[in-house]
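Everything quoted here is computed from the prediction, not taken from an experiment. Labels below follow one simple rule: chain letters A, B, ... track the order of the sequence lines, proteins then strands, and each chain is numbered from 1.
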Amino acid sequence: MPADKSVLKAFFYERPVLTVARELIGKRLVRMVDGQRISGLIVEAEAYDGETDLACHARAGRTPRTETMYGPPGRAYVYFTYGMHWMLNCVCAHQGYPAAVLIRAILPLEGTAFISSRRPGRPAKDWCNGPAKLCQALEITGSLNGADLCLPDAELRIEEGLEVPDARVQRTPRIGIDLVPEPWRSQPWRFVVASPEKVFAKA
DNA sequence: TCTTCGATTGTCT
DNA sequence: GACAATCGAAGAA
């Protein structure tokens with residue numbers, strides 16, 4: 001596959017979070033473990049936008065947990081929830097404004113043997129089709145919170161991938177925020193590729 | 001295929 | 001003390 005291996009730089013993330021969420025679809029999430037390259041194409045992402053967004057962790061303001069979201073764009077915001085799951089986000093917008101994109105699913109491309117060993121007994125289609133699953137599959141934990149995603153040799157980074165036309169990207173309300181009041185609960189801030197295995201058949 | 005429910009702990013009120 | 005940006009097992013249909 002003739003992939004462009006260029007790493008996304010801070011200016012990519014330093015834009016409105018909805019723009020970044022849309023453009024992250026089709027990009028390549030890369031994780032380096034012991035010199036081994038593990039990667040996949042992003043097929044699902046959600047935007048969380050500022051203190052006024054009541055679904056966003058930053059709704060409560062600046063706390064030790066949300067500190068990363070207020071920092072410079074292009075960093076990883078990794079947090080722990082439900083007593084057992086890690087979630088990966090990319091910090092967006094300008095420094096001081098809390099916004100992030102939750103990476104919800106990827107299509108594994110490289111390092112599938114590693115991923116398989118991290119997801120024993122599960123079919124390939126269930127390896128990375130959820131935010132906690134992909135963190136488990138790529139060994140993403142709180143130790144990566146605040147990590148710079150923009151360095152060419154970063155442990156965790158995002159590179160150019162494949163263009164996905166709008167016709168193949170669906171917009172829906174975000175997942176798992178049922179107790180959040182309107183209008184936030186229904187904002188169509190989730191981007192997901194329809195039938196990713198077909199869209200990326202050549203990848 | 002679907003719906004329901006338990007796991008398990010950090011964070012904030 | 002409540003609840004969480006979830007997952008996967010189990011049971012019903």
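For His57(A) against dA5(C), a side-chain-to-base donor-acceptor contact under 3.5 Å is present. A donor-acceptor contact under 3.5 Å is formed by the side chain of Tyr79(A) with the base of dA5(C).
Nearest nucleotide to the His85(A) side chain, out of dA5(C), dT6(C), dG10(B): dT6(C). Comparing dG10(B), dT6(C), dT13(B) against the side chain of Phe80(A) picks out dG10(B) as the nearest. Between dC12(B), dA5(C), dG8(C), one nucleotide has an atom nearer to the side chain of Lys133(A) than all others, and that is dG8(C). Between dT8(B), dC3(C), dC7(C), one nucleotide has an atom nearer to the side chain of Met84(A) than all others, and that is dT8(B).
Here Ile177(A) lies in heavy-atom contact (under 4.0 Å) with sugar-phosphate atoms only. Backbone-only contact: Met87(A) has heavy atoms under 4.0 Å from sugar-phosphate atoms and none from a base. Ala132(A) comes within 4.0 angstrom of sugar-phosphate atoms only, judged by non-hydrogen atoms across all strands, and of no base. When heavy atoms are screened at a 4.0 angstrom cut-off, Arg65(A) is found touching the sugar-phosphate backbone but no base atom.
Put simply, CG on Leu54(A) is 13 Å from P on dT13(B), counting in whole angstrom units. A straight line from CZ of Arg59(A) to P of dT13(B) spans 9 Å, rounded to a whole angstrom. One can place CD1 of Ile175(A) at 8 Å from P of dT6(C), the figure rounded to the nearest angstrom. Computed from coordinates, the Arg62(A) CZ to dC12(B) P distance equals 13 Å when rounded to whole Å. Rounded to an integer number of Å, the gap from Glu51(A) CD to dC12(B) C1' is 15 Å.
For Gln136(A) and Asn89(A), each mapped to the nucleotide of DNA chain C holding its nearest heavy atom, the one lying further toward the 5' end belongs to Asn89(A).
Using a 4.0 Å cut-off, no side-chain N or O of Thr81(A) falls inside it from OP1 or OP2 of dT6(C). For the OP1/OP2 pair of dA9(C) and a distance below 4.0 Å, the side-chain nitrogens and oxygens of Arg122(A) include at least one atom meeting the criterion. Residue Arg119(A) places at least one side-chain N or O closer than 4.0 Å to OP1 or OP2 of dG8(C).
Looking only at side-chain heavy atoms (C-beta outward), Leu8(A) and Cys150(A) stay at 4.5 Å or farther from each other.
The cationic group of Arg15(A) lies under 6.0 Å from the six-membered ring centre of Phe12(A) and within 45° of the ring axis, placing it in a cation-pi geometry. Cation-pi geometry between Arg174(A) and Tyr48(A) is met: the NZ or CZ atom falls under 6.0 Å from the ring centre, inside 45° of the normal.
Applying the Watson-Crick and G-U wobble criteria (two distances, each under 3.5 Å), dT11(B) pairs with dA2(C).
Classification of the Tyr82(A)-His85(A) ring pair by plane angle, with boundaries at 30° and 60°, yields perpendicular.
The residue from Glu110(A), Glu159(A), Glu155(A) that alone fulfils the salt bridge (Lys or Arg N to Asp or Glu O under 4.0 Å) condition with Arg31(A) is Glu155(A).
The aromatic ring of Tyr82(A) does not sit over the base of dA7(B); the criterion of centres under 5.5 Å apart with planes under 30° is not met.
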